[in-house]
Amino acid sequence: MALLNPSFEDAGALPGEATHWTLTAVTSLEELAGFGDAPEEAWEDFERWFERLASLDDVVVVLAFFDTLKGYEAFESGWDNAVYLYDLPPAQLATATFDGKDVEDCESGWSNVPYARDWDDITAATGVFGGEPREDFEDGWRSNDVYAWSWAAVTASAAMFDAGTQAVEAFESAWTRATTQ
């Protein structure tokens with residue numbers, strides 16, 4: 001549909017109107033919230049409520065008391081932990097030993113005897129993959145023995161829809177038809 005009277009040349013019924021055009025006016029009322037001694041600034045700086053202290057030396061420190069005038073919270077009462085053990089009873093302790101010692105030094109039994117402390121103590125050996133001294137990832141990786149090295153080696157086939165009967169998806173089946181009321 002073409003725009004009617006695009007240059008406002010045809011006058012409307014009232015002064016200042018153009019035919020085929022609707023004049024709409026919008027107004028709004030803005031309201032500012034004023035704070036403190038300068039309400040025109042319209043922000044709260046909170047400094048009129050409290051005295052600003054320039055250093056912690058000016059702060060009065062008050063000790064908070066817990067339970068019966070203790071200056072710390074011990075957490076032993078009122079926390080549903082009346083059965084909390086502070087120490088393990090000696091009768092239930094069993095010391096773990098490592099080859100008769102109190103500590104595990106990780107020196108024996110870890111396939112590291114003798115322990116190598118220098119690279120010169122290590123015998124170098126070349127890793128072998130499929131009889132080759134490198135892994136070329138050609139065989140044995142989820143049936144990729146037929147890996148294509150170029151696009152020309154790939155056989156192209158068209159995607160078929162509707163059980164292989166159409167070369168395009170028409171979206172005509174298995175979709176609930178939309179209806180308007």
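Of the possible polar contacts, none joining the Trp21 side chain to the Gly12 backbone as a donor-acceptor pair under 3.5 Å is found. Between the side chain of Glu17 and the backbone N or O of Leu14 there is at least one donor-acceptor pair closer than 3.5 Å.
Rounding to the nearest 0.5 Å places CG of Asn5 at 4.5 Å from CG of Asp10.
Across every non-hydrogen atom of Thr126 and Pro133, the tightest pair is CG2-CB, 4.0 Å. When all heavy atoms of Phe8 and Ala18 are compared, the pair lying nearest together is CD2-CB, 3.6 Å.
Counted within 6.0 Å of CG on Leu56, heavy atoms from surrounding residues, nucleotides or ligands total 12 or fewer; the atom is thus considered open.
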